[in-house]
Participant: 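Below is a structure I'd like to ask you about.
Side chains included, hydrogens not; waters and symmetry mates left out as well; all remaining heavy atoms used. Note that this is a predicted model, so its numbers are computed, not measured.
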Amino acid sequence: MFHQIQSRLQEEVSGHIQTRYGLDLAVVLEEPSDAKFGELALTVAFALAKQLKKAPRVIAQELVDDLGTLPGVVAMEIAGAGYINIRLDRGAYAASLIAPPAAATAAAADKVIVEHTNINPNKAAHIGHLRNSVLGDTFVRMLRASGQTVEVQNYIDNTGVQVSDVVAGFHHLEHKTAADVTELAKGDRFDYLCWDLYARTSQHFKDHPEDEKAWQHEALHAIETGEGDLAELGHVVADAIVLCHLRTMRRLGIIYDVLPRESEILHLQFWATAFEQLKERQAIYLETEGNKKGCWVMAGSYYSDSDDDSKVIVRSNGIVTYVGKDIAYQMWKFGVLGKDFHYRKLLTEADGHEVWVSTAEPQPANNAPKFGGGATVYNVIDTRQSYLQDVVAAGLRALGYTGQAERSIHFNYEMVALTPRTCVELGIELSDEDKSKAHVQVSGRKGLGVKANDLLDKLIEKALGEVESRHADATVEERRAVATQIAIGALRYFMLKFTRNTVIAFDLGEALAFTGETGPYLQYAAVRAKKILHKLAEQGDQLDCAALTPEMLARQLASDDFWHLLMRISKVDSAVAKAVTAGEPSHVARYAFQLAQAFSGFYDKYSVKDEADAERKQFLIWMTGYFRQQLERVAAVLGIPLPQYM
RNA sequence: GCGCCCGUAGCUCAGCUGGAUAGAGCGUCUGGCUACGAACCAGAAGGUCGGAAGUUCGAAUCUUUCCGGGCGCACCA
């Protein structure tokens, strides 16, 4: 509602300036730093002053006089050097919240594709992966809450070196066959087993460098041709680990629509098709001299300022690089490749949501949805891969798909590192150099890191202790369910509270916190609001909707305290919209915390149940219900579940 | 060497396209539970926004430069 008023006023003022002064200015209606200045403020007088060569205050006065009375606005005041502060009609505003005009928000026709998670299927997920998935999933929720149609993709690199290293490890170090590993994969901690094996294999390569190339070549070749026991081993490992990852993410409420796999990109010759287009449009050329002789390369001018750099797309041995495959995949996402995968239903989530996976062979009619063909594509990938993402976008541009290149958005974020203190707590040995650093990088090769499942288990265990101390009477299952919700809330909020370009120095103590700016703080506020409503219902106090007249609301909202609270509560849509524009999920998290803070203050200051004044009591009941409703909405956008009690 | 990011309170971080006295959380110190359950609330202390110069009505925010940190710059993914 606030959002609508803001944009409506923005248009009116902007239109007025257009007709009155003939100037096309970007009018900004900002929210004043201090609530005493009103609800909205205009600073255009400053910008106009420059162009019209008049004092800002004089222009502000002109604007106020000309604009006259605007609907929903009770006052426009000139303040400071030339600010125009706008005060809204409190009663009318509140009334509009109760009966919002039916805004027909037709779902957007254009599809937005968000690709996230993308974990190499060779070991357990760690906290770095968690940041990717939580950011991606929350952004998806934000887009959907804003009425966008979104498709969630989780790309599976099931044919890469990372998988082949684990295959080599099983084969050479463990002497296991595909059949043996199939048995092992039935265990519920197969991803942990592979985590250790991957670290051991990496260590073996360090100690015996001569084995590295040979083993990798052998395994990669087998996987690529799809023949023999090693190829089978690769399938078993990747498929089983993908299911482990899906299970891990499901614990956090993260699910996907489709899993496009690299094996299908290879077998369906996506690359060959893309290669033809790239050659035909001369986006790449065959290098005839220098150290890249025999390679198909893309000129550096496509993706950077310098011309002397070029990027190898096809190696001199004829094998395409990762970037090449990614260009083909990106083309498919936009529907400009001219090819599609076949699909098979992988599984159905508890809520009935179907998850599909790509296949090379045509499937019998299975009603697979139409995937790909997005209008905008967000790739959630950490910032270290910016260079490669630039090359992918450059590939589209070189092919003439300039619009698609512009709508290829690298949703980048900084890495998650560990504080030295946390490494010590986890028993990870550090070099003297690492000990002096602010943070230490997670390394899958070294087996260094915090596994996602371990962290969540630790959080549940800790939450369980808190729940048990407060609700000894509840059943074990119930306490566990509540503790799990608290743990999820804590974890998701922790991953979201930082802006994307902040390196998270992961500290176990901070991540385990349930007080202060945390998910549980938000959950607690929502639980308390619900509790009030329960108590009222018990003693027969109901909200009388007929009592909530604009006049009654205006009387109650004459209190600045109530009015400021109401402003805060009513800005969920505004906060989400702004966060989508900024591409910053942390903004939603911050708003949610502020909303919870507002409620905690309200809770402490006013006693709804014992309010003596009948009208005020009705008003407080309404405020409490509205608080709860908005807390629920914003928690859902953040993917934070709300427990029954805490 | 080139490119990108960061440097704000003791610690961890916000600060929207430059806007009105720079904000949170944690930690520290004072208070507040015969309760709509304190996983909470009220209050206090704590900052030359890395340094310098510039742009302008106005700079934590933009420009330049220096200092200090991180990450990229493969015929790996």
Participant: Do A:R528 and A:F599 form a cation-pi contact, if we require the NZ or CZ to be under 6.0 Å from the six-membered ring centre and within 45 degrees of the ring's axis?
Facilitator: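 Cation-pi check for A:R528 and A:F599: fails.
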Participant: Phosphate oxygens OP1/OP2 of B:A24: is one of them under 4.0 Å from a side-chain N or O of A:R590?
Facilitator: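 Answer is no, no contact under 4.0 Å.
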Participant: Using only side-chain N and O atoms of A:N291, determine if any of them is under 4.0 Å from OP1 or OP2 of B:C75.
Facilitator: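 Indeed not, no polar side-chain atom of A:N291 lies that close.
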Participant: Tell me what A:Q594 touches on the nucleic acid: a base, only sugar-phosphate, or nothing, going by heavy atoms under 4.0 Å.
Facilitator: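 Nothing, no nucleic acid heavy atom in range.
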Participant: So, for A:F562 and A:F619, is the gap between ring centers shorter than 6.0 Å?
Facilitator: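 Centroid separation for A:F562 and A:F619: below 6.0 Å.
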Participant: Touch check for A:F593, heavy atoms < 4.0 angstrom, all strands: base, sugar-phosphate only, or nothing?
Facilitator: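 Sugar-phosphate, no base atom in range.
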Participant: When we call it a touch if two heavy atoms are under 4.0 Å apart, what does A:I486 touch: a base, just sugar-phosphate, or nothing?
Facilitator: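 Since a base atom lies under 4.0 Å of A:I486, the category is base.
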Participant: Would you please confirm or rule out a distance under 4.0 Å between OP1 or OP2 of B:A39 and any side-chain N or O of A:Y493?
Facilitator: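 It does not, given that no N or O in the side chain of A:Y493 lies less than 4.0 Å from OP1 or OP2 of B:A39.
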Participant: Please tell me if A:T502 has a side-chain N or O lying less than 4.0 Å from either OP1 or OP2 of B:C5.
Facilitator: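 Indeed not, no polar side-chain atom of A:T502 lies that close.
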Participant: Quick one: label A:V608 by what it contacts on the DNA or RNA (base, sugar-phosphate, nothing), any heavy atom closer than 4.0 Å.
Facilitator: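 Contact class for A:V608: base.
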Participant: When all nucleic acid strands are considered with a 4.0 Å heavy-atom cut-off, which category describes A:L533: base, sugar-phosphate, or nothing?
Facilitator: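 Counting heavy atoms under 4.0 Å across all strands, no contact is made by A:L533.
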Participant: Name the nucleic acid region contacted by A:Y645, choosing base, sugar-phosphate or nothing; use a 4.0 angstrom heavy-atom cut-off, strictly under.
Facilitator: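 Nothing, no heavy atom under 4.0 Å.
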Participant: B:C4 base to A:S386 side chain: any donor-acceptor pair below 3.5 Å?
Facilitator: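 Donor-acceptor pair under 3.5 Å: no.
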Participant: Taking only the side-chain nitrogens and oxygens of A:Y322, find out if one of them lies under 4.0 Å from OP1 or OP2 of B:A77.
Facilitator: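 No, A:Y322 has no side-chain N/O under 4.0 Å of OP1/OP2 on B:A77.
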Participant: For a quick check of understanding: with a heavy-atom distance under 4.0 Å over all strands, which category does A:K36 fall into, base, sugar-phosphate or nothing?
Facilitator: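 Touches a base.
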Participant: Name the nucleic acid region contacted by A:A55, choosing base, sugar-phosphate or nothing; use a 4.0 angstrom heavy-atom cut-off, strictly under.
Facilitator: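 No contact at all - A:A55 keeps every heavy atom at 4.0 Å or more from the nucleic acid.
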Participant: Identify, between A:A505 and A:V312, the residue whose nearest nucleotide on RNA chain B lies closer to the 5' end.
Facilitator: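 Upstream on the strand: A:A505.
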Participant: Ignoring backbone atoms, establish whether A:Q441 has a side-chain N or O less than 4.0 Å from OP1 or OP2 of B:C71.
Facilitator: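 Looking at the OP1 and OP2 atoms of B:C71, one of them is under 4.0 Å from a side-chain N or O of A:Q441.
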